[in-house]
Amino acid sequence: MPLNYSKWDQLELSDDSDIEGHPNVDKISLIKWKQRDIHEKREMRKHKIQTLKAQIACNQVLLPRITEIEKTLKNPPSSITAPAYFSSLVEKLRTNPSRDCPPGNDPTKLEHTYDGMLLSLLTMVSEKSKEKLKEGHVSGEDIAQKLAKELAAEMGVHVKQLSETIDRDQKELEQEQQEQKKHITMDDLHDGFESKYVPPIPAPEPIAPVKTEKKKEKTTEKTTTIEVLNPKAGGSSSSAPVQEEASDDEDDNDLPELTPSLEAFSKIAVGDYDKSFEFIQKHRDVYVPGASDALLVAAFTAQGDGKTKYARQCVHQSLLIQYCEKLGRDGVGLFFKKMVGGDKRALKVFVDDFENTYQHIANRVKISKEEQNQAREQIQLVPENPSQTISFNVPDGPPPENLVLEGPGTEGMDIEEVRRALQFRWDVFESFSPEMKEALKSGGLEGVNKVLGEMEVPEAEALVNSLDLAGILNFAEGGIRDETGN
């Protein structure tokens, strides 16, 4: 069933959609007000996100420092008391502060630096602790111990408050970023393509087919067809699938190959539209002619190697590119706006197409393997003429210690030569696989040929040669018959 893209023709391309008229206000004014409101909210969200990021980064620098101060106040070193440690730290921050500060702050102003912020906090902790001492009317030797406890307790309060602030800001930042992703703007469509390249970077080259030498086979191969384009993603009207055929009349096969960027793109998880959109923005060379075909070829290869998960990822990423291409000039933004925004109808169309395409490739790989197995050269034992029979003289075991030669024709035979021949036959038989041993013991030619048919030609040829050398393979009755088992 061909895809119908007409339902996406009315996508919001500007900020003047969904403007309801008013009898007392002209539509142009309404559109301008709506546009201004949208732009103001967008800028406010951007500013809030940047502010939250800056707050989190700054607080994450300060939190470990005040946590360490709290621990030292609770368990000061034996050489110094907690109040003395606190006083020395305040004096150091006041007289010799570091100019290290958050990005964008003025390092010449003490209050803009990390040390200045910490000094302000310690000053506040000191004042509050001393106020509590006055309220408690502590005097004499208890003052130092009480002050140490108050300083540690007050620092603990700020450690907890700062940790909670970081967690709260982190959650709020995630919410704002999720909300921002729901509204893909024209800035997003060009980000990483034209506007951010100074000087402009030339457009990447298309994915060029790689010529590979055709493997020479000993037998004629059937024609293998690899469907490299999704037949359902061809637009609103049906179209025949584009195929690349590897036939015996061609000298080589031209198949597109993954570039390093495409390989990284192919490893993005199925359904992770945010990451795919971000990757396309940052890597122009994955959105070029031939990229979707290269991904489908990689999917075909991976499926043939049994890498099902990776094959599905390649198919998924190939379809992402195809859909974007079919949606026109702004296809990347339009497609991912629907996917990231969770449009149920668009998601269902794409997911169904993805599952059908993957299943089609999986079926083609299965059929291709079956055809290759049928066309593969095999070694089979066949009598030269109908009157001839093939039998197998299978040894029952090694020659006995007391070997006796009896019967006509045994006169003059060297018993040791016979022993060596029988031992050689047994050693050859023992070197065979369990399947071949069972087939030989059954005595049936069909069973032996079945095992030979499953082996590679060189291996099968070597096995037949061993059968003949050991005297296990007989094309006619005669010679020495092994009856040591009897």
Side-chain angles (χ1 to χ4, degrees), residues 43-181 278:
E43 291 303 317
M44 288 175 62
R45 183 177 294 111
K46 286 183 179 179
H47 178 71
K48 189 172 184 180
I49 288 174
Q50 294 301 322
T51 301
L52 287 170
K53 287 182 177 179
Q55 288 178 186
I56 293 171
C58 180
N59 289 336
Q60 285 177 338
V61 173
L62 293 173
L63 181 59
R65 296 183 65 177
I66 66 174
T67 302
E68 183 64 27
I69 295 173
E70 180 205 10
K71 291 180 179 179
T72 305
L73 289 172
K74 288 182 177 179
N75 298 292
S78 58
S79 59
I80 189 173
T81 63
Y85 160 75
F86 188 87
S87 299
S88 64
L89 182 59
V90 171
E91 185 64 22
K92 179 182 178 182
L93 292 174
R94 183 180 290 115
T95 58
N96 188 27
S98 169
R99 294 300 173 181
D100 189 17
C101 63
N105 283 15
D106 186 358
T108 62
K109 297 180 179 180
L110 180 61
E111 63 272 17
H112 287 192
T113 65
Y114 293 118
D115 278 6
M117 298 177 194
L118 188 58
L119 176 61
S120 176
L121 174 64
L122 295 182
T123 302
M124 182 172 58
V125 168
S126 176
E127 292 175 354
K128 198 163 186 179
S129 298
K130 290 177 181 179
E131 288 178 3
K132 289 184 178 181
L133 285 179
K134 291 179 181 179
E135 294 173 359
H137 303 290
V138 180
S139 60
E141 298 179 354
D142 295 336
I143 293 179
Q145 295 180 358
K146 183 65 177 179
L147 180 59
K149 291 181 180 180
E150 291 296 339
L151 290 172
E154 194 64 30
M155 286 299 299
V157 170
H158 287 284
V159 169
K160 182 179 179 182
Q161 289 178 350
L162 192 58
S163 299
E164 292 174 349
T165 300
I166 293 174
D167 292 340
R168 184 177 64 252
D169 289 348
Q170 191 68 48
K171 291 178 181 178
E172 188 174 358
L173 175 62
E174 292 174 359
Q175 292 175 356
E176 291 295 334
Q177 288 177 330
Q178 288 296 329
E179 185 66 25
Q180 186 184 51
K181 290 177 181 178
E278 181 182 358

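Predicted, not measured: the structure shown is a model, and the values here were computed from it. We count residues from 1, following the sequence as given.
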Spacing of [atom1] belonging to [X] relative to [atom2] belonging to [Y], to within rounding of 0.5 Å:
{"X": "Leu73", "Y": "Lys149", "atom1": "CG", "atom2": "NZ", "result": "14.0 Å"}
{"X": "Leu63", "Y": "Leu162", "atom1": "CG", "atom2": "CG", "result": "5.0 Å"}
{"X": "Gln50", "Y": "His47", "atom1": "CD", "atom2": "NE2", "result": "9.5 Å"}
{"X": "Ile49", "Y": "Lys46", "atom1": "CD1", "atom2": "NZ", "result": "9.5 Å"}
{"X": "Leu52", "Y": "Arg168", "atom1": "CG", "atom2": "CZ", "result": "10.0 Å"}
{"X": "Lys128", "Y": "Lys130", "atom1": "NZ", "atom2": "NZ", "result": "15.5 Å"}

key: Flag if over 12 foreign heavy atoms under 6.0 Å of CE, Met44   =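 Atom CE in Met44 is not crowded, with 12 or fewer foreign heavy atoms closer than 6.0 Å.
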[X] side chain to [Y] backbone, donor-acceptor under 3.5 Å:
{"X": "Ser88", "Y": "Tyr85", "answer": "yes"}
{"X": "Ser120", "Y": "Gly116", "answer": "no"}
{"X": "Asn105", "Y": "His112", "answer": "yes"}

Testing the basics here: between [X] and [Y], what is the closest heavy-atom pair and its distance to 0.1 Å?
{"X": "Cys101", "Y": "Tyr114", "value": "C-CE1, 3.6 Å"}
{"X": "Thr123", "Y": "Leu119", "value": "OG1-O, 2.8 Å"}
{"X": "Thr72", "Y": "Pro77", "value": "CG2-CD, 4.2 Å"}
{"X": "Met117", "Y": "Leu62", "value": "SD-CD1, 4.0 Å"}
{"X": "Arg99", "Y": "Lys109", "value": "NH1-C, 4.2 Å"}
{"X": "Leu151", "Y": "Ser126", "value": "CD2-CA, 4.2 Å"}

key: Residue that, paired with Ile69, satisfies side-chain contact (heavy atoms from CB on, under 4.5 Å) out of Leu122, Val125, Leu121   =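 The residue from Leu122, Val125, Leu121 that satisfies side-chain contact (heavy atoms from CB on, under 4.5 Å) with Ile69 turns out to be Leu122.
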In residues 91-98, what donor-acceptor pairs under 3.5 Å come from side-chain atoms, sequence neighbours left out?
unit_1: Thr95; atom_1: OG1; unit_2: Glu91; atom_2: O; d: 2.8
unit_1: Ser98; atom_1: OG; unit_2: Asp100; atom_2: N; d: 3.2

request  = Check whether the side chains of Asp115 and Thr113 place a donor and an acceptor atom closer than 3.5 Å, and report yes or no.
outcome  =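 Not at all, the side chains of Asp115 and Thr113 share no donor-acceptor pair under 3.5 Å.
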task = Decide side chain to side chain contact (heavy atoms under 4.5 Å, CB included) for His158 and Glu154; before the verdict, give the C-alpha distance in whole Å, the side-chain angles of both, and the deciding distance to 0.1 Å.
result = CA-CA 7 Å; His158 287 284; Glu154 194 64 30; 3.8 Å; yes
query = Considering only heavy atoms from C-beta outward, does the side chain of Leu147 approach that of Ser129 to under 4.5 Å?
reply =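 Touching, per the 4.5 Å side-chain cut-off.
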ask   = Does the side chain of Gln170 come within less than 4.5 Å of Leu173's, by heavy atoms?
value = yes
inquiry  = Using the rule given for side chain to side chain contact (heavy atoms under 4.5 Å, CB included), can you reason through Ile66 versus Glu70, listing the C-alpha separation, both sets of side-chain angles and the distance that settles it, and then say yes or no?
reply    = CA-CA 6 Å; Ile66 66 174; Glu70 180 205 10; over 6 Å; no
task = State plainly whether the residues Glu150 and Lys146 are in salt-bridge range, i.e. N to O under 4.0 Å.
result =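 Between Lys146 and Glu150 there is a salt bridge, with a charged N closer than 4.0 Å to a carboxylate O.
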